[in-house]
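Some notes on the structure that comes next.
Chain letters run A, B, ... following the sequence lines, proteins first and then strands; every chain starts at 1.
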Amino acid sequence: MPIILPCGTIPVMEYMKRTATCGALRLADEGKDVVLNGWVHRSRDHGGIQFINLRDRCGITQTVVDEDAPAELKKLAGSLRMEYCIAVKGRVRKRPDSMVNPEMPTGEIELQITDIEVLSKSAPLPFMIEQESDAKEDLRLTYRYLDLRTPGMQERMKLRHDVIFAVREFFHERGFYEVETPTMIKSTPEGARDFLVPSRLHPGKFYALPQSPQLFKQIIMVGGLDKYFQIARCYRDEDARGDRQLEFTQIDVEMSFVTRDDVLRITEELFQYAFRKTLQTELPESFPRFTYHEVMNTYGSDKPDIRFGLPLQDFSPFVEGSGFKAFDSVLEAGGAVKALTAKGCGGYSRKQITQLEDTAKIYQAKGLAWMKVTENGLEGGVSKFFAQKQEEILAALGAEAGDLILMVADTWRTACTALGAVRSRLGKDLGLTDPKTFAFCWVIDFPLFEWNEEGRKWEAAHHMFSMPQQQYLDTMEQNPGEVKGDLYDLVLNGNEVASGSIRIHDPEIQRRIFRIVGFSEEEAEKRFGFLLNAFQYGPPPHGGIAPGLDRILMIMAGEQTIKEVIAFPKNSVGVSPMEGSPSEVDEAQLKDLHVKLDLPENDA
RNA sequence: GGGGGUGUAGCGAAGAUGGUUAUCGCGCCGGCCUGUCAAGCCGGAGAUCGCGGGUUCAAUCCCCGUCACUCCCGCCA
């Protein structure tokens, strides 16, 4: 790296600066004298001749100290160890034909070394730098600076940069302004727990880190900026998951004077653009749309993986008269019986079926009923109850000999989600989830309210600023559970990757929503007063969406966790093992902040 | 808040009904070696088997507890 200093100050330490990168040289460069800077990736000393693979961000070049090289040079080369940072000078030469390495972009040439300069040494490594480190995740995070050197991490960091760049390009070209919103804001408890920042100047008061820029982007619309986007960091103090971190990045978008379809369209274009620019992948011209009810019924999930079929079906027509009490009683209680035809799984062992049942049970199913389809009809499991109707059943389910029929009877929601989980698992087990296939779809028409059984009240399913669909406006108080919102989720390969809505810009409708979820005028004023105030001054109709950058990158990179596409993620318990956060702070710092600790007893 | 899994040398793993010297690969150190590209060959160092307690003549192995990590349910408007 060039060291830049103001003129006439401290002398620059001179070293052999690179004239090419380690990924650049080709046969056409034969005969050139070049300097490379990089890290010793591997070193192979054959006694007479020594090969040093030099690595930087751009690639790996084989450099060679020949047998007839000066003894001094050979000695220095022999002292090099993995991950020493060095400069080498030499001449590019064609490799002998039989020595060409077709695996390497630089494999037709090598650098005949004339000089070596050790720029810095490396201690023995805690793990080796390989395509993907095989060290445990926690160790990789402790030494993230080494992990970042692995080609795998470097590729993902490049992908992340490329996608962000494409996003900026895309929105810029369409007249969006990138506007930054504050990271220290008013706490508006609703949804996830807030991270709090105590105020020194205002004893007893706190800022919150934003769970998303939601309220600010709506205010930006009131501010007349018309089209906004931001690569926004969001903070939610909830337990982590493979696809969830305490802090994560959203591509936050909001637009004025738009309808739902405008937002869906531009989001489709955004991903078509980003996938084309970064993965050279063409996405479909438009993404299929399903209603919430449809995906729950068919895929048993509000984030369906549509890379494969295996649809859930209604089994309730075959229950009456079967004599199977377990199913009967569920239907009498207003529940549902859902069935899934697992194609070609008729040979599953008892153990395999039990494993599928365990999956269903995680999602609260009481059991997983099953029947095998053979040449002779239904066999095994609960088949004896359905023998008379077997023709009908096979026809309705499209089941054939060699299939396995799986059923869950429970409340509609549990039956769907539990069997949906079984479907997901089968998709993976049967190899139907090619990570190179990118199957986007929209889920629309979400219910606006959900009944909270514990609190005995209605809650906003998404957030309180989403618009009810037009046809419910007159009557939404009468049956809140029926009300569909102008809400939409974007789903990719079974992952929710974006979520958005058309917002309420009419204060009267907003008041009615608050009333339905049991929010008093005073409470609404206290929490969201600034937004309601803004809405007194001619707010434009507006709506937006917020794609989760990390999740999308994870899927683009074919990874199982977003940690692989974040340079410095926290581990599963919110700790960063590298710098050791969170950590205790000085008593004096707490005092400044007017904060006293009240720690749990057994916390050592 | 709940459930599953893991913890053995710097790293990744194997291991035994509870028994004497705990194994393998990579890395590390030393030596040999003209063409490798995960180089090869020879030799060497390196482990209180996560920690604490219990059972036992004897525990890395069994039991209890605990810690750390990891995945999942809940939670995540």
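- OP1 or OP2 of B:rG12 lies within a sub-4.0 Å distance of a side-chain N or O belonging to A:Lys136.
- Nucleic acid contact class of A:Asp134 (heavy atoms, under 4.0 Å, all strands): sugar-phosphate only.
- For A:Glu137, taking side-chain heavy atoms from C-beta onward, the closest of the listed nucleotides B:rU70, B:rG35, B:rC26 is B:rU70.
- Under the Watson-Crick or G-U wobble criterion, with both distances below 3.5 Å, B:rU36 is left unpaired in every strand shown.
- B:rG12 and B:rC24 make up a base pair, with Watson-Crick or G-U wobble contacts both under 3.5 Å.
- An aromatic stack links A:Phe51 and the base of B:rU36, using centre distance under 5.5 Å and interplanar angle under 30°.
- In terms of polar N and O atoms assigned as donor or acceptor, the side chain of A:Arg241 comes within less than 3.5 Å of the base of B:rG74 in a complementary pairing.
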request  = Could you walk me through whether A:Asp489 and A:Ser499 pass side-chain hydrogen bond (donor to acceptor under 3.5 Å, both in side chains), step by step?
outcome  = CA-CA 4 Å; A:Asp489 277 2; A:Ser499 183; 2.9 Å; yes
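- Across B:rC29, B:rG27, B:rU70, the shortest atom-to-atom separation from the side chain of A:Asn571 is found for B:rU70.
- The base of B:rG35 is paired with the side chain of A:Glu110 by a donor and an acceptor separated by under 3.5 Å.
- With hydrogens and angles ignored, a donor-acceptor pair under 3.5 angstrom links the side chain of A:Gln62 to the base of B:rU36.
- Take the nearest nucleotide of RNA chain B for A:Met128 and for A:Val100: the residue whose nucleotide is more 5' is A:Met128.
- Which of B:rC72, B:rA39, B:rC11 sits closest to the side chain of A:Phe127 comes down to B:rC11.
- With hydrogens and angles ignored, no donor-acceptor pair closer than 3.5 Å exists between the side chain of A:Asp239 and the base of B:rC75.
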